Amino acid sequence: MRHAEAKEQFARGDGQGREALEDLVFEMQDQLDSGSDELRPEQAFLLFLAMHDLAAWSTEEEVDARLEMLDQAWEYGILTNNHAPPLRCRYFQAQLLVAEGRLGEARDRLQLAIVESPEARVELPYARALLAAIHRRLGEFRESLQLADQLEREISDSGQLAILGVLGTRIQTWLDLGLAEQARRTLVLEARALESLPADHSLRAAHAVRQANLRLLRADYPGAIHIASAALAKDATRNHVEAHAELQLIRSTAFAYQALVNRTSRPPASEESSADGLPPRVAIALDLTRAELAISAGDRQRSRTLLDRAAQDIQERIRHREPRLRERLQLAIQDARWIRRWDSEPRRLGEHLAVLRRCQRDLIHSWQGIPDIVGGVAFLRHSLRRAVLGEILHLEMAKAGGSQGVRAALPDLLAAMEQSSLHRALQPAPVTIEDVNTSLLAPGRGVLLTLLGPHDSHVVLLEPDRIRHALLPGEDEVTDLVKEYLAILTRPPFSLSTDMARRQRLEDERLFAAHLGNLLLPGELGERVDQLDSLTFVSFGWLERLPMECLIRGDGERLGLTKSVSYLPSLTVGVALARRMRESRDLDYVLNAGSQWSDSVRERWPELEALPFSSPLPVPSGMKADRSRLLAGSQATADQLRRPLSTRILHVLAHGVELVEEIAPMAIALAPSDSDAEGLFRVSDVPEQSPTDLVLLACCGSGREPARMGDPGAAGMAGAWLRSGARVIVQSRGNLEFYGTRALCHAFLESVAEGATPAEAMRVARKRLREESRFDDPYYYGLLQVVGDGHRELFPSR
């Protein structure tokens, strides 16, 4: 009775209600402590309820006290032999810890509670759904999705609300990963589940938010505006404050991007309404978005007013213990753009460089506590993080001049690269600019670094004695062109029915290749690139998907035919690979030729055709037969690849397939075995330690990886093999034609055996293949890329 009365008082806002609860807790604890050895379950349960309610009603300043109180309530709840209340305690504790940003601690507590409370059938789905959301926040996407799959199977009979919670977690994970197709499929399931429920304001609003975010992910800004506008027009979402705020933000952001693309000055007048009444974070986001538009439109006064107002709101939030790093980053970036446009006095530039570098350090600190996962953290791929680096580069150049400014900003770029999962997995020593010069540069060799940004992008050419820099268009413009070019380049010529269609395709491809060659390598920088013998490409953004060797320069020739070309996920990874010692190997060459598949693979991918291998399989010229191993038919199993192989070269010639339901979607179809009835070799199957120097993956889509999983190359086959010990990977992001690929690989291996570097051997192989009339299209010779330490010999001159 006293407990119920105290709760009622507290609910009315009566301060005596809390005091009554505290008195009740202390009194019952004294009774239990001084009583008999047998604890009365009903008394313990009542104490649990009082402590639970008291903890739940404490203020935010009493977080640690609330956690301790819930710990005690957990113990008393366990004594009642009732698993549900204790799990509820841990659930509230996890929510508190999440709000405080202590995600790892929240995860650990909740995992332990779930294990210890297997009979709390009602609470378990909600606890697991919260755990899946925490996994997602930590970047543990695989764990989040696995838990969501498990939950969906287990709670199918527990009611639609629980199922919707699981679907929502999975959709948000797909959106975080940038996997639009998977998000779309799950959204369809969520929409069907919503149809069978009565109108629920918050659920339908959250669904609209996810739909709009999917449109933004696909760069469909009008679609995002339409969905957000329609949802905001309904009474159902107007009363749900958080969803309403998110939809307002999506709407404003979509208008902003659309305005930038269309080169208009600002969104429609209806979007300029006051932000009063919206949550502070939305008001700040709206001001920053509008300031961005005003800067682009040249409206100096209005942009400064909006930036100052956002800065005041952010400082107010920080005073109230609500610092949001994202808001501070956005403000710092917009301020930097404003300063270098209208107030480029050296002192101001120096002051704002210090602000941006503090933001950079905060960014790095915020990611350092996150554990490594498959594919790592999305540190460099995130546009906001790249924008910070781009503005540091801009301000250093404005302050110190061209090459000196770039050199001053390079340590910031290296510090960011060291946060990648691949860099951390290789466990290298700290990397300096001198290390880059020593390991990656030589006379006639250059490193081309591209950094895509939302407003403009940077391209930097590093040479032993000089640095060159050029500005490129913003990320949207560059990536749109790259996507259009890839759509033409990767379309098989033999899929076209007439010679005229094939000639038109090749003409379109040449026009795009020449345009991109001049766009991405402009002016003096491009002229210097033409004079080099070899190039290494490092890209932050979408450009790592572009086969740069296919681009045409001013002389009308393709880069990959005049220069040896390789790719690196980052400068720091390149230095780590260059530091690897050369070791002896048991074999020179191993070929795994996949010509058989399991019934389940044939059923799922009926389009797979038998590969016409010659019999017996040939050993490439220059390779000794007694130091080679050739596996085909039933011998070419996935198990063979899972075992560490001590060989200079591992060559896999097989079909590549896409597992759309998995985070790392690439797999290789090989023969089944007694221990593996499926016969698929996944990214996760790459051995942890494999003494293999070069891995030649002549498989369709072997370079395919998630769009936003960590640094470039880390979440696919290349990253997995580099982590396991390989120095060089040869792969393709697109589909391959069998005969041309086999001829290209044969010529490549012959050159490698003669002592050429992998990058130079690929250049020689491309030239040789292009001389054959049936393979003179870049589709046949331009899609295999050399990734890693491609400018060192595997077989020094024998």
Side-chain angles (χ1 to χ4, degrees), residues 325-326 328-337 339-340 344 346 348-368 376-424 428-437 439-441 447-462 466-472 475 538-541 543 568-576 710-712:
L325 180 57
R326 182 180 180 85
R328 288 163 43 215
L329 283 173
Q330 290 174 315
L331 179 64
I333 292 167
Q334 302 294 17
D335 260 341
R337 291 183 65 214
I339 286 167
R340 63 184 170 85
S344 56
R348 289 278 286 157
L349 293 173
E351 289 174 354
H352 211 73
L353 270 168
V355 171
L356 283 172
R357 286 197 165 103
R358 280 199 299 274
C359 289
Q360 168 81 344
R361 286 195 297 272
D362 290 345
L363 264 177
I364 290 174
H365 178 73
S366 71
W367 283 91
Q368 281 176 339
V377 297
F379 189 88
L380 299 175
R381 296 288 281 273
H382 197 290
S383 60
L384 195 60
R385 298 175 177 92
R386 284 187 270 114
V388 172
L389 293 172
E391 289 303 327
I392 289 175
L393 196 54
H394 268 306
L395 294 182
E396 283 289 6
M397 290 175 62
K399 180 183 174 187
S403 60
Q404 289 301 318
V406 176
R407 187 177 295 277
L410 278 178
D412 298 282
L413 293 171
L414 293 176
M417 294 177 196
E418 288 181 346
Q419 303 313 305
S420 74
S421 65
L422 188 51
H423 171 91
R424 289 189 281 177
V431 176
T432 64
I433 299 173
E434 289 71 27
D435 294 328
V436 174
N437 288 334
S439 303
L440 304 181
L441 299 176
V447 173
L448 202 71
L449 173 68
T450 55
L451 176 65
L452 296 189
H455 310 293
D456 45 37
S457 305
H458 303 267
V459 56
V460 177
L461 177 62
L462 305 177
R466 189 167 179 181
I467 296 176
R468 291 175 172 83
H469 171 271
L471 277 178
L472 303 179
E475 182 175 19
V538 180
S539 176
F540 297 157
L543 283 184
L568 280 173
S570 70
L571 294 175
T572 56
V573 167
V575 172
D711 43 305

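Worth saying up front: this structure is predicted, and the values here are computed from it rather than measured.
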Exercise for review: Sequence neighbours left out, what pairs pass ring pair (Phe, Tyr, Trp, His ring centres under 6.0 Å) with at least one residue falling in residues 398-418?
Suggested key: none

Study note, to complete from the structure: For Arg348, the side chain to side chain donor-acceptor pair (under 3.5 Å) test, sequence neighbours excluded, returns Asp343

Point to revise | Over 12 non-hydrogen atoms of neighbours within 6.0 angstrom of CZ in Arg340 | key: yes

Exercise for review: List the steps and the verdict of side chain to side chain contact (heavy atoms under 4.5 Å, CB included) for Leu571 and Leu413.
Suggested key: CA-CA 9 Å; Leu571 294 175; Leu413 293 171; 5.9 Å; no

Point to revise | Any residue meeting side chain to side chain donor-acceptor pair (under 3.5 Å) with Glu396, in chain and number order, not counting sequence neighbours | key: Arg357

Study note, to complete from the structure: Looking only at heavy atoms, the pair that brings Leu414 and Val436 closest together is CD2-CG2, 4.2 Å

**Study point:** Spacing of CZ belonging to Arg358 relative to CG belonging to Leu329, to within rounding of 0.5 Å
**Key:** 12.5 Å

Study note, to complete from the structure: Closest non-hydrogen atoms of Glu391 and Ile333, given as atom of the first, atom of the second and distance, are CG-CG2, 4.0 Å

Study note, to complete from the structure: Residues Ala332 and Val355: closest non-hydrogen pair is CB-CG1, 4.2 Å

Practice item. Could you grab the distance from atom CG of Leu462 to atom CG of Leu440, nearest 0.5 Å is fine? Key: 9.0 Å

Study note, to complete from the structure: Sequence neighbours excluded, the answer for ring pair (Phe, Tyr, Trp, His ring centres under 6.0 Å) partners of His394 is His458

**Study point:** OG on Ser457 to CG on Leu451, rounded to 0.5 Å
**Key:** 7.0 Å

Practice item. Could you pull out all residues at least two apart from His352 that satisfy side chain to side chain donor-acceptor pair (under 3.5 Å)? Key: none

Point to revise | side chain to side chain contact (heavy atoms under 4.5 Å, CB included) partners of Thr432, counting only residues at least two apart | key: Glu434, Asp435

Practice item. Locate the shortest heavy-atom distance separating Val538 from Pro569; write the atom from each residue and the value. Key: CG1-O, 4.1 Å

Exercise for review: Measure the spacing between CG of Leu410 and CD1 of Ile433 and express it to the nearest 0.5 Å.
Suggested key: 4.5 Å

Exercise for review: Please report the shortest heavy-atom distance between Ala408 and Pro411, naming the atom on each side.
Suggested key: O-CD, 3.4 Å

Review point. What distance separates Gln404 CD from Met397 CE, expressed to the nearest 0.5 Å?
Key: 11.5 Å

Point to revise | Listed partners of Thr572 passing side chain to side chain donor-acceptor pair (under 3.5 Å), at least two apart | key: His423, Ser570

Check your understanding: Can you name the nearest heavy-atom pair linking Leu389 to Ala416, along with the distance?
Key -> CD1-CB, 3.8 Å

**Study point:** Any donor-acceptor N/O pair, Arg386 side chain to Leu452 backbone, under 3.5 Å
**Key:** yes

Study note, to complete from the structure: CG (Leu449) and CG (Leu393) are apart, to the nearest 0.5 Å, by 8.5 Å

Practice item. Applying side chain to side chain contact (heavy atoms under 4.5 Å, CB included), run through Arg328 and Asp362 and close with a yes or a no. Key: CA-CA 10 Å; Arg328 288 163 43 215; Asp362 290 345; 2.5 Å; yes

